[in-house]
Amino acid sequence: MSTTTAQGTGVRTPTRTAEGRPRHLYEIDVLRILTFACVIGVHTTSHTMASDDLGLAGLLALLHFTRLVFFTLTAFVLVYSWSIRPKPMSVFWPKRFLLVGVPYLAWSFVYVASAWLLDSGQRGDVPALVETYATGIVTGTAKYHLYFLLVTMQVYLLLPAIMWLVRTTRRHHVTVLVVSLLVQLGVFAGYKYFPSTDAWMHGYQKQFFFSYVFFIVSGAIAADHAEGFLGFVRTHRRAIGWAFLGGAVLTLVVFVVQMALGDSAYKAGTPLQPVEVVWSTLVFLGFLAAGAAWADRRVAGSRLAKVVDYASDRSFGIFLSHPLVIWLLLYGSSPLEALVPKPWLTLVTYLLVVVLAVAVTEAFRWTPLSVPLTGRPSLAARAARQARAANRAR
């Protein structure tokens, strides 16, 4: 069922169908796809750009919203899903950790073992493999994107506390948002401008949930007001669009100013800085507004609807596998780097990574390893169940 179109002022977007069942939020599908597409963009660009390419450095600064939008999305979907279908934690946690924790363990091993096999100095040293793997699990450093899952699992564990906060402060959500925003700005200001304040974290700032407190809290509170929040996004699409453009300009201005003051391109565009709080919030709203526009026009069963549904379903598997594809494409004396000059290498690599990561994910979805490698149940097992059910119905 497509989303009910929202018009006018004070519109509330229904979160249930006319029959009373929870409505699938197709607007979230688009937000998820766009965010993961930009995650691939971050990693592809950082691996292929020339060190003096300020244009791609500026693009990378703009794309560094991904982790922050990801955690807002995580909190929103988590609280929304639990509110619609509440479950005891004894039921909720095992299911969630199966679909996120098992892929975290599996892909951590894939990345650590791959590096170990290719390192002639460590290959065959099993204790070194075990130690590196254990360290990667604890710190989220087995590969540069896996800390996303480590933080996600922290949010899962904190769900009772998050729900308590949302419920007990229901009459004061604006105050909670303002306080969490100020805390977030302070945390990021410390990370960026006063590095001695977080030296005790030894470079692991991004691995802890408290580095993203505003994004987790704002996502949870938005989910608690899902009908009104989604209605607001629909009603104010144009204003959100202009704010999105303004946020992009502001982010680039801060990037240029910080480079002029002596920062490197990477440091000037680092995700853990105050301007990213503003920019990432506007990106979340902008992507959600785009998703709402799509959901309002979605025709169930159409080719485009099937493509969007497919991309949303495969997005997590693509996220898990895409660094492996980047690594294989650019490993050693890469023929790709020899054939394609910069900056075109970034675009060509991005397209190849998307195509190959989709292919890898699709292949995994049809194997018994679908859950650990894609975070989704096996399509082969699903097809077998459907066939058995059809046979019983005859």
Side-chain angles (χ1 to χ4, degrees), residues 3-4 6 8-16 22-23 25 27-28 31-32 35 65 67-87 89 92 96 151-152 154-189 208-237 239-241 243-244 246-247 274-292 295:
T3 305
T4 302
T9 304
V11 172
R12 299 178 68 82
T13 298
T15 55
R16 292 185 180 271
R23 178 179 70 82
L25 299 183
E27 44 269 71
I28 293 297
L31 171 58
R32 181 181 293 110
T35 302
F65 63 78
R67 72 184 69 181
L68 309 178
V69 171
F70 180 88
F71 295 129
T72 309
L73 172 62
T74 297
F76 181 93
V77 171
L78 185 64
V79 172
Y80 175 80
S81 301
W82 195 91
S83 299
I84 291 291
R85 294 189 182 92
K87 298 176 182 177
M89 290 299 123
F92 169 84
R96 288 286 177 164
V151 176
T152 296
Q154 293 172 41
V155 177
Y156 289 169
L157 285 174
L158 289 169
L159 180 59
I162 293 171
M163 294 307 304
W164 174 86
L165 176 67
V166 168
R167 288 169 172 170
T168 57
T169 64
R170 194 158 275 156
R171 295 183 179 180
H172 309 284
H173 279 172
V174 172
T175 301
V176 173
L177 286 172
V178 171
V179 171
S180 64
L181 174 62
L182 293 175
V183 170
Q184 188 69 67
L185 290 170
V187 168
F188 275 12
F208 293 99
F209 76 91
F210 52 74
S211 290
Y212 314 104
V213 60
F214 170 70
F215 302 99
I216 295 169
V217 170
S218 62
I221 289 178
D224 191 55
H225 300 275
E227 292 190 2
F229 174 65
L230 294 175
F232 171 86
V233 169
R234 283 178 161 82
T235 304
H236 298 87
R237 284 177 191 158
I240 290 172
F244 180 94
V275 70
E276 286 292 342
V277 179
V278 178
W279 172 228
S280 300
T281 301
L282 293 175
V283 171
F284 180 82
L285 291 172
F287 282 4
L288 190 58

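Residue indices begin at 1 and follow the sequence shown.
Listed here is the closest heavy atom pair of Ala292 and Glu27: N-CB, 3.5 Å. Shown here for Tyr212 and Gln184, the closest heavy-atom pair between the two residues is C-OE1, 3.2 Å. When all heavy atoms are compared, the tightest approach of Gln154 to Phe209 is OE1-N, 2.9 Å. Counting all heavy atoms, side chain and backbone alike, Val151 lies closest to Phe208 at CG2-N, 4.2 Å. The shortest non-hydrogen separation linking Ala220 to Ala75 is N-CB, 3.8 Å. In plain terms, the two heavy atoms of Ser83 and Met163 that are nearest each other are OG-CE, 3.9 Å.
Residues satisfying the side-chain hydrogen bond (donor to acceptor under 3.5 Å, both in side chains) test with Thr72, not counting sequence neighbours, are none. Listed by chain and residue number, Ala243, Val278 satisfy the side chain to side chain contact (heavy atoms under 4.5 Å, CB included) test with Leu282 (two or more places apart in sequence, or in another chain).
A 4.5 Å side-chain heavy-atom check between Trp82 and Met89 finds at least one atom pair inside the cut-off. For the pair Leu230/Leu288, a side-chain contact is recorded, criterion being any heavy-atom separation below 4.5 Å from C-beta on. Side chains of Val69 and Thr281 form no contact here, defined as non-hydrogen atoms less than 4.5 Å apart. Between Leu285 and Phe244 there is no side-chain heavy-atom pair separated by less than 4.5 Å.
Of the inter-residue distances, the one linking Leu31 atom CG with Leu25 atom CG reads 10.5 Å to the nearest 0.5 angstrom. Note: Thr152 OG1 to Arg96 CZ = 10.0 Å, rounded to the nearest 0.5 Å. Atom CG of Leu73 sits about 7.0 Å away from atom CZ of Phe70, to the nearest 0.5 Å. Separation of atoms CD1 (Ile216) and CD1 (Ile162) is listed at 6.0 Å; rounding is to 0.5 Å. Atom CZ in Arg234 sits 11.0 Å away from atom CZ in Phe229 (nearest 0.5 Å). Rounded to the nearest 0.5 angstrom, Ser218 OG and Phe76 CZ are separated by 10.5 Å.
Annotation: side-chain hydrogen bond (donor to acceptor under 3.5 Å, both in side chains) contacts involving residues 170-182, sequence neighbours excluded, comprise Arg170-Asp224, His173-His225.
For Phe65 and Phe287, the distance between ring centers is under 6.0 angstrom. Ring centroids of Phe71 and Phe215 are separated by 6.0 Å or more, keeping the two rings apart. Under the 6.0 Å cut-off for aromatic ring centres, Trp279 and Phe284 do not qualify, their centroids lying 6.0 Å or more apart.
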